[in-house]
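Let me begin by presenting the structure, written as C-alpha cells, before commenting on it.
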Amino acid sequence: MTPHYFRHFYAIYSRQQGADIFLIQKELGHSDRRTTERYLEKVLQREKEIGLMWKEEEF
C-alpha cells in the first residue's frame, strides 16, 4: 500500500459517506475538479444507477 492508495481510499470513502465532491477536491488539494472525478469515477457511476437507490428493507 502506498500513500497514493490512501488518497484514493479517503476520496472514495468520503464520497460514500455523503461528502460533496468540491470538499473532497479541496481536502486533496486538487486544483481541477476533473482530477477528483477521476479518483471517484466508479463511485460516481454507481450513484447514477437508479436501482441502487431502492431501499431493500422496503421489500
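Excluded from the calculations below are hydrogen atoms, water molecules and symmetry mates; all remaining heavy atoms, backbone and side chain alike, are included. Since the structure is predicted, the reported quantities are computational estimates derived from the model, not experimental observations.
Across every non-hydrogen atom of Ala11 and Leu28, the tightest pair is CB-CD1, 3.8 Å. In plain terms, the two heavy atoms of Ile21 and Arg15 that are nearest each other are N-NH1, 3.3 Å.
Contact of the Lys26 side chain with the Phe22 side chain is not registered, since no non-hydrogen atoms from C-beta on lie closer than 4.5 Å. Residues His30 and Glu37 form no side-chain contact, since every pair of their non-hydrogen atoms from C-beta on lies 4.5 Å or further apart.
Ring geometry for His4 against His8 counts as perpendicular: the plane angle is over 60°, on a 0 to 90° scale with 30° as the lower cut.
In terms of hydrophobic clustering, with Ile, Leu, Val, Met, Phe, Trp and Tyr side chains grouped at heavy-atom distances under 4.5 Å, Leu44 and Ile12 are assigned to a common cluster. When the side chains of ILVMFWY residues are joined at heavy-atom separations under 4.5 Å, either directly or via intervening members, Leu23 and Tyr10 end up in two distinct hydrophobic clusters.
One finds the OH atom of Tyr39 at 12.0 Å from the CD atom of Gln25 (value rounded to the nearest 0.5 Å). Here the OG1 atom belonging to Thr36 is positioned 8.5 Å from the CZ atom belonging to Arg7, to the nearest 0.5 angstrom.
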